[in-house]
Amino acid sequence: MKMGILGAGQIAGVMANTVRLLNENGHPEVELYAVGARDLSRAQAFAKAHGVHKAFGSYEEMLSDPDLDLVYIATPHSHHYRHTKLCADHGKHILCEKSFTVSARQAEDAIRYARSKGVLVTEAIWTRYQPMRRIIRETLDAGLIGEPRLLTANLGYFITGNHRIVVPELAGGALLDVGVYTLNFAEMVFGRPDAIHGLCTKNENGVDLTDSITMTWQDGRVANLTAAANAVSDRYGVIYGTKGYMMVENINNPQGLRVYDADNRLIHSLDCPPQLTGYEYEVLETVDSIQKGLTECPSMPHAETVHMMEQMDHLRAQMGLRYPCEEID
(Lines give C-alpha, C1' and ligand atoms only; values in the text may rest on other atoms or scores of the structure.)
Protein backbone atom coordinates (compact mmCIF):
# COMPACT_ATOMS: atom_id res chain seq x y z
CA MET A 1 0.00 0.00 0.00
CA LYS A 2 1.50 3.31 -1.09
CA MET A 3 1.48 6.08 1.53
CA GLY A 4 1.84 9.79 0.97
CA ILE A 5 2.56 12.40 3.64
CA LEU A 6 0.66 15.66 3.44
CA GLY A 7 2.97 18.22 5.05
CA ALA A 8 6.73 18.19 5.51
CA GLY A 9 7.29 19.27 9.10
CA GLN A 10 8.78 17.52 12.09
CA ILE A 11 5.95 15.06 12.74
CA ALA A 12 6.00 14.12 9.05
CA GLY A 13 9.66 13.18 9.50
CA VAL A 14 8.78 10.88 12.39
CA MET A 15 6.21 9.10 10.24
CA ALA A 16 8.66 8.77 7.36
CA ASN A 17 11.20 7.21 9.69
CA THR A 18 8.52 4.87 11.04
CA VAL A 19 7.63 3.53 7.61
CA ARG A 20 11.31 3.05 6.77
CA LEU A 21 11.84 1.06 9.97
CA LEU A 22 8.73 -1.01 9.32
CA ASN A 23 10.11 -1.98 5.91
CA GLU A 24 13.50 -2.82 7.41
CA ASN A 25 11.81 -5.00 10.03
CA GLY A 26 9.81 -7.21 7.74
CA HIS A 27 6.67 -5.15 7.07
CA PRO A 28 6.43 -4.55 3.30
CA GLU A 29 2.67 -3.91 3.42
CA VAL A 30 3.16 -0.13 3.46
CA GLU A 31 5.52 1.87 1.24
CA LEU A 32 6.53 5.51 1.68
CA TYR A 33 5.63 6.70 -1.78
CA ALA A 34 5.13 10.47 -1.81
CA VAL A 35 5.31 13.74 0.08
CA GLY A 36 3.40 16.92 -0.67
CA ALA A 37 4.30 20.37 0.66
CA ARG A 38 3.32 23.96 -0.05
CA ASP A 39 6.35 24.42 -2.31
CA LEU A 40 8.31 21.92 -4.38
CA SER A 41 11.74 22.67 -2.92
CA ARG A 42 10.56 21.81 0.58
CA ALA A 43 8.99 18.58 -0.61
CA GLN A 44 12.12 17.66 -2.54
CA ALA A 45 14.34 18.30 0.48
CA PHE A 46 12.09 16.09 2.61
CA ALA A 47 12.04 13.35 -0.03
CA LYS A 48 15.83 13.38 -0.27
CA ALA A 49 16.27 13.27 3.50
CA HIS A 50 13.81 10.41 4.01
CA GLY A 51 14.07 8.36 0.83
CA VAL A 52 10.59 9.19 -0.48
CA HIS A 53 9.95 8.22 -4.10
CA LYS A 54 7.99 11.28 -5.25
CA ALA A 55 7.88 14.93 -4.18
CA PHE A 56 5.03 17.30 -5.04
CA GLY A 57 4.84 21.08 -4.70
CA SER A 58 1.14 21.09 -3.83
CA TYR A 59 -1.21 18.86 -1.91
CA GLU A 60 -3.64 18.62 -4.82
CA GLU A 61 -0.91 17.45 -7.16
CA MET A 62 0.10 14.65 -4.80
CA LEU A 63 -3.49 13.58 -4.25
CA SER A 64 -4.05 13.38 -8.02
CA ASP A 65 -1.48 10.59 -8.32
CA PRO A 66 -3.53 7.46 -9.12
CA ASP A 67 -1.00 5.15 -7.47
CA LEU A 68 -1.36 6.77 -4.05
CA ASP A 69 -3.52 4.76 -1.61
CA LEU A 70 -3.19 6.26 1.89
CA VAL A 71 -2.39 9.76 3.16
CA TYR A 72 -0.98 10.74 6.53
CA ILE A 73 -2.08 14.30 7.32
CA ALA A 74 0.71 16.09 9.18
CA THR A 75 -0.44 19.71 8.93
CA PRO A 76 -1.51 21.98 11.85
CA HIS A 77 -4.81 21.26 13.63
CA SER A 78 -6.43 24.22 11.89
CA HIS A 79 -6.04 22.51 8.51
CA HIS A 80 -7.09 18.94 9.35
CA TYR A 81 -10.75 19.39 8.51
CA ARG A 82 -10.19 20.77 5.02
CA HIS A 83 -7.31 18.41 4.26
CA THR A 84 -9.34 15.37 5.33
CA LYS A 85 -12.12 16.33 2.93
CA LEU A 86 -9.57 17.08 0.21
CA CYS A 87 -8.07 13.59 0.55
CA ALA A 88 -11.54 12.04 0.51
CA ASP A 89 -12.39 13.99 -2.65
CA HIS A 90 -9.47 12.21 -4.34
CA GLY A 91 -10.47 8.78 -3.03
CA LYS A 92 -7.53 8.42 -0.65
CA HIS A 93 -7.67 6.70 2.71
CA ILE A 94 -6.73 8.96 5.62
CA LEU A 95 -4.63 8.72 8.78
CA CYS A 96 -5.01 12.18 10.31
CA GLU A 97 -2.75 13.43 13.10
CA LYS A 98 -4.38 14.39 16.39
CA SER A 99 -6.23 16.44 17.32
CA PHE A 100 -8.47 15.21 14.52
CA THR A 101 -10.07 18.61 13.90
CA VAL A 102 -10.69 21.70 16.03
CA SER A 103 -14.31 20.95 16.95
CA ALA A 104 -16.81 18.10 17.14
CA ARG A 105 -18.88 19.63 14.32
CA GLN A 106 -15.86 19.52 12.04
CA ALA A 107 -15.06 15.96 13.11
CA GLU A 108 -18.59 14.73 12.44
CA ASP A 109 -18.71 16.43 9.06
CA ALA A 110 -15.27 15.19 7.97
CA ILE A 111 -16.07 11.60 8.99
CA ARG A 112 -19.45 11.71 7.27
CA TYR A 113 -17.82 13.09 4.12
CA ALA A 114 -15.07 10.45 4.07
CA ARG A 115 -17.64 7.70 4.49
CA SER A 116 -19.66 9.10 1.59
CA LYS A 117 -16.54 8.78 -0.56
CA GLY A 118 -15.93 5.20 0.57
CA VAL A 119 -12.56 5.80 2.23
CA LEU A 120 -11.23 4.94 5.67
CA VAL A 121 -10.41 7.83 7.99
CA THR A 122 -8.87 7.47 11.43
CA GLU A 123 -7.25 9.68 14.04
CA ALA A 124 -3.52 9.15 14.58
CA ILE A 125 -3.43 9.35 18.37
CA TRP A 126 -0.76 6.73 18.89
CA THR A 127 -1.51 5.84 22.51
CA ARG A 128 -4.85 4.36 21.47
CA TYR A 129 -3.12 1.82 19.20
CA GLN A 130 -0.10 0.88 21.32
CA PRO A 131 0.11 -2.41 23.25
CA MET A 132 0.70 -0.51 26.51
CA ARG A 133 -3.00 0.38 26.45
CA ARG A 134 -3.85 -3.31 26.78
CA ILE A 135 -1.07 -3.94 29.32
CA ILE A 136 -2.29 -1.13 31.61
CA ARG A 137 -5.85 -2.45 31.42
CA GLU A 138 -4.81 -6.04 32.14
CA THR A 139 -2.72 -4.94 35.13
CA LEU A 140 -5.65 -3.00 36.57
CA ASP A 141 -8.00 -5.90 35.97
CA ALA A 142 -5.64 -8.15 37.92
CA GLY A 143 -6.66 -6.22 41.04
CA LEU A 144 -3.17 -5.34 42.28
CA ILE A 145 -4.24 -1.84 43.34
CA GLY A 146 -7.75 -2.84 44.33
CA GLU A 147 -10.57 -0.68 43.02
CA PRO A 148 -9.27 2.38 41.10
CA ARG A 149 -10.74 5.57 42.57
CA LEU A 150 -8.48 8.49 41.61
CA LEU A 151 -6.32 9.34 38.63
CA THR A 152 -3.81 12.09 37.91
CA ALA A 153 -2.03 12.74 34.63
CA ASN A 154 0.14 15.54 33.31
CA LEU A 155 1.83 16.41 30.06
CA GLY A 156 3.88 19.53 29.54
CA TYR A 157 6.51 20.72 27.09
CA PHE A 158 8.20 24.09 26.61
CA ILE A 159 7.07 24.64 23.02
CA THR A 160 6.08 28.32 22.89
CA GLY A 161 8.85 28.91 20.36
CA ASN A 162 6.74 27.02 17.84
CA HIS A 163 4.54 29.51 15.98
CA ARG A 164 1.61 27.14 15.51
CA ILE A 165 1.36 26.69 19.28
CA VAL A 166 0.92 30.36 20.19
CA VAL A 167 -1.63 31.69 17.67
CA PRO A 168 -5.38 31.00 17.48
CA GLU A 169 -5.35 31.05 13.65
CA LEU A 170 -3.56 27.67 13.71
CA ALA A 171 -5.70 26.36 16.61
CA GLY A 172 -2.74 26.68 18.92
CA GLY A 173 -2.52 26.13 22.64
CA ALA A 174 -1.98 23.33 25.11
CA LEU A 175 -5.38 21.65 24.88
CA LEU A 176 -5.41 20.33 21.31
CA ASP A 177 -1.69 19.60 21.29
CA VAL A 178 -0.94 17.97 24.66
CA GLY A 179 -4.11 18.15 26.76
CA VAL A 180 -5.73 15.69 24.37
CA TYR A 181 -3.32 13.02 25.62
CA THR A 182 -4.31 13.52 29.24
CA LEU A 183 -7.99 13.25 28.31
CA ASN A 184 -7.42 10.07 26.31
CA PHE A 185 -5.35 8.54 29.11
CA ALA A 186 -8.06 9.22 31.68
CA GLU A 187 -10.86 7.82 29.54
CA MET A 188 -8.87 4.74 28.49
CA VAL A 189 -8.62 3.94 32.21
CA PHE A 190 -11.95 5.18 33.65
CA GLY A 191 -14.23 5.44 30.62
CA ARG A 192 -16.42 8.43 29.80
CA PRO A 193 -17.00 10.79 32.74
CA ASP A 194 -20.27 12.24 33.92
CA ALA A 195 -18.86 15.77 34.18
CA ILE A 196 -15.81 17.69 33.03
CA HIS A 197 -14.53 21.09 34.14
CA GLY A 198 -11.53 23.12 33.04
CA LEU A 199 -9.53 26.26 33.70
CA CYS A 200 -6.61 27.71 31.78
CA THR A 201 -4.11 30.54 31.56
CA LYS A 202 -3.67 32.32 28.23
CA ASN A 203 -1.03 34.23 26.33
CA GLU A 204 -1.52 37.67 24.82
CA ASN A 205 -3.14 36.08 21.74
CA GLY A 206 -5.83 34.37 23.80
CA VAL A 207 -4.31 30.92 23.39
CA ASP A 208 -4.19 28.56 26.38
CA LEU A 209 -0.70 27.81 27.68
CA THR A 210 -1.68 25.81 30.77
CA ASP A 211 -4.79 23.73 31.40
CA SER A 212 -6.24 22.30 34.61
CA ILE A 213 -9.00 19.75 34.05
CA THR A 214 -11.16 17.77 36.47
CA MET A 215 -13.32 14.84 35.39
CA THR A 216 -15.83 13.21 37.74
CA TRP A 217 -17.95 10.06 37.73
CA GLN A 218 -21.18 9.48 39.63
CA ASP A 219 -19.64 6.55 41.49
CA GLY A 220 -17.10 8.91 43.07
CA ARG A 221 -14.09 8.46 40.79
CA VAL A 222 -12.09 11.59 39.94
CA ALA A 223 -9.37 12.43 37.41
CA ASN A 224 -7.21 15.55 37.79
CA LEU A 225 -5.32 16.47 34.64
CA THR A 226 -2.79 19.18 33.79
CA ALA A 227 -1.32 20.16 30.44
CA ALA A 228 1.16 22.85 29.48
CA ALA A 229 2.81 24.36 26.43
CA ASN A 230 5.10 26.59 28.49
CA ALA A 231 6.65 24.17 31.00
CA VAL A 232 8.25 20.74 31.10
CA SER A 233 6.45 18.13 33.23
CA ASP A 234 7.31 14.60 34.35
CA ARG A 235 4.53 13.22 32.08
CA TYR A 236 3.38 10.63 34.62
CA GLY A 237 -0.06 9.12 34.90
CA VAL A 238 -0.91 7.71 38.32
CA ILE A 239 -3.92 5.53 39.11
CA TYR A 240 -4.79 5.27 42.80
CA GLY A 241 -6.80 2.38 44.16
CA THR A 242 -8.04 0.94 47.43
CA LYS A 243 -4.96 -1.31 47.84
CA GLY A 244 -2.19 0.68 46.18
CA TYR A 245 -1.34 2.69 43.09
CA MET A 246 0.09 2.36 39.60
CA MET A 247 2.54 4.81 38.03
CA VAL A 248 2.65 4.97 34.21
CA GLU A 249 5.78 6.55 32.78
CA ASN A 250 5.09 9.11 30.02
CA ILE A 251 1.42 9.17 29.09
CA ASN A 252 2.42 10.57 25.68
CA ASN A 253 4.12 7.25 24.85
CA PRO A 254 3.96 4.92 27.86
CA GLN A 255 7.35 3.34 28.52
CA GLY A 256 6.43 1.17 31.47
CA LEU A 257 4.46 0.90 34.66
CA ARG A 258 5.20 0.31 38.32
CA VAL A 259 2.72 -0.90 40.93
CA TYR A 260 3.03 -0.10 44.65
CA ASP A 261 1.06 -1.50 47.57
CA ALA A 262 -0.55 0.45 50.42
CA ASP A 263 2.84 0.64 52.18
CA ASN A 264 4.50 2.18 49.10
CA ARG A 265 6.43 -0.99 48.33
CA LEU A 266 7.08 -1.85 44.71
CA ILE A 267 5.23 -5.09 44.00
CA HIS A 268 5.11 -5.25 40.20
CA SER A 269 6.71 -3.59 37.18
CA LEU A 270 6.54 -3.94 33.41
CA ASP A 271 8.46 -2.25 30.62
CA CYS A 272 7.00 -1.20 27.29
CA PRO A 273 7.51 -3.83 24.56
CA PRO A 274 10.32 -2.84 22.15
CA GLN A 275 9.24 -0.11 19.72
CA LEU A 276 10.39 1.16 16.37
CA THR A 277 9.07 4.67 17.01
CA GLY A 278 5.71 3.94 18.65
CA TYR A 279 3.89 5.11 15.51
CA GLU A 280 4.10 1.71 13.85
CA TYR A 281 0.98 0.40 15.57
CA GLU A 282 -1.35 3.04 14.11
CA VAL A 283 0.15 2.52 10.65
CA LEU A 284 -0.21 -1.25 10.73
CA GLU A 285 -3.77 -1.15 12.07
CA THR A 286 -4.76 1.44 9.46
CA VAL A 287 -3.37 -0.67 6.61
CA ASP A 288 -4.99 -3.82 8.01
CA SER A 289 -8.35 -2.08 8.40
CA ILE A 290 -8.23 -0.78 4.81
CA GLN A 291 -7.42 -4.26 3.53
CA LYS A 292 -10.43 -5.59 5.45
CA GLY A 293 -12.70 -3.00 3.84
CA LEU A 294 -13.34 -1.07 7.06
CA THR A 295 -13.95 2.68 7.19
CA GLU A 296 -12.60 3.11 10.74
CA CYS A 297 -9.98 1.53 12.99
CA PRO A 298 -11.06 -0.60 15.96
CA SER A 299 -8.59 1.07 18.35
CA MET A 300 -9.97 4.56 17.68
CA PRO A 301 -13.53 4.33 16.34
CA HIS A 302 -15.16 7.40 14.85
CA ALA A 303 -17.49 7.68 17.85
CA GLU A 304 -14.47 8.04 20.15
CA THR A 305 -12.85 10.68 17.95
CA VAL A 306 -16.04 12.75 17.94
CA HIS A 307 -16.50 12.26 21.67
CA MET A 308 -12.99 13.51 22.45
CA MET A 309 -13.60 16.57 20.29
CA GLU A 310 -16.88 17.13 22.20
CA GLN A 311 -14.99 17.00 25.48
CA MET A 312 -12.55 19.62 24.24
CA ASP A 313 -15.43 21.73 22.94
CA HIS A 314 -16.92 21.70 26.46
CA LEU A 315 -13.58 22.69 27.95
CA ARG A 316 -13.02 25.48 25.44
CA ALA A 317 -16.47 26.89 26.18
CA GLN A 318 -15.60 27.00 29.88
CA MET A 319 -12.16 28.47 29.19
CA GLY A 320 -13.34 31.03 26.64
CA LEU A 321 -11.18 29.65 23.82
CA ARG A 322 -12.16 30.15 20.20
CA TYR A 323 -10.38 29.61 16.89
CA PRO A 324 -11.01 31.52 13.65
CA CYS A 325 -11.00 28.19 11.79
CA GLU A 326 -14.02 26.58 13.48
CA GLU A 327 -16.38 26.87 10.52
CA ILE A 328 -17.53 23.87 8.46
CA ASP A 329 -18.39 23.72 4.78
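- Judged purely by atom type and a 3.5 angstrom limit, His80 uses its side chain to pair as donor or acceptor with the backbone of Ser99.
- Glu123 has no carboxylate O lying under 4.0 Å from a charged side-chain N of Arg128, or vice versa, which leaves the two without a salt bridge.
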Verdict with reasoning, Asp65 to Tyr33, per side chain to side chain donor-acceptor pair (under 3.5 Å): CA-CA 10 Å; Asp65 189 319; Tyr33 174 73; 2.8 Å; yes

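- A distance-only check finds no donor-acceptor pair linking the side chain of Arg20 to the backbone of Gly51 [under 3.5 Å].
- Donor-acceptor pairing under 3.5 Å is recorded for the side chains of Thr18 and Thr277.
- Sparse packing is recorded around CZ of Arg105, with 12 or fewer heavy atoms of other residues, nucleotides or ligands lying under 6.0 Å away.
- A donor-acceptor pair under 3.5 Å is formed between the side chain of Trp217 and the backbone N or O of Arg192.
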Trace of the side chain to side chain donor-acceptor pair (under 3.5 Å) decision for Gln291 with Glu29: CA-CA 10 Å; Gln291 291 172 338; Glu29 55 263 52; over 6 Å; no

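- When all heavy atoms of Arg137 and Val189 are compared, the pair lying nearest together is NH2-O, 2.6 Å.
- Remark: side-chain polar atoms of Asp313 are paired, donor with acceptor, to backbone N or O of Ala104 under 3.5 angstrom.
- Between His83 and Tyr59, the two ring planes are perpendicular [angle over 60°; tilted spans 30° to 60°].
- Put simply, the side chain of Asp39 never gets that close to the backbone of Ala43: no donor and acceptor are under 3.5 Å apart.
- A donor-acceptor distance shorter than 3.5 angstrom exists from the side chain of Asp208 to the backbone of Ala174, with no hydrogens or angles considered.
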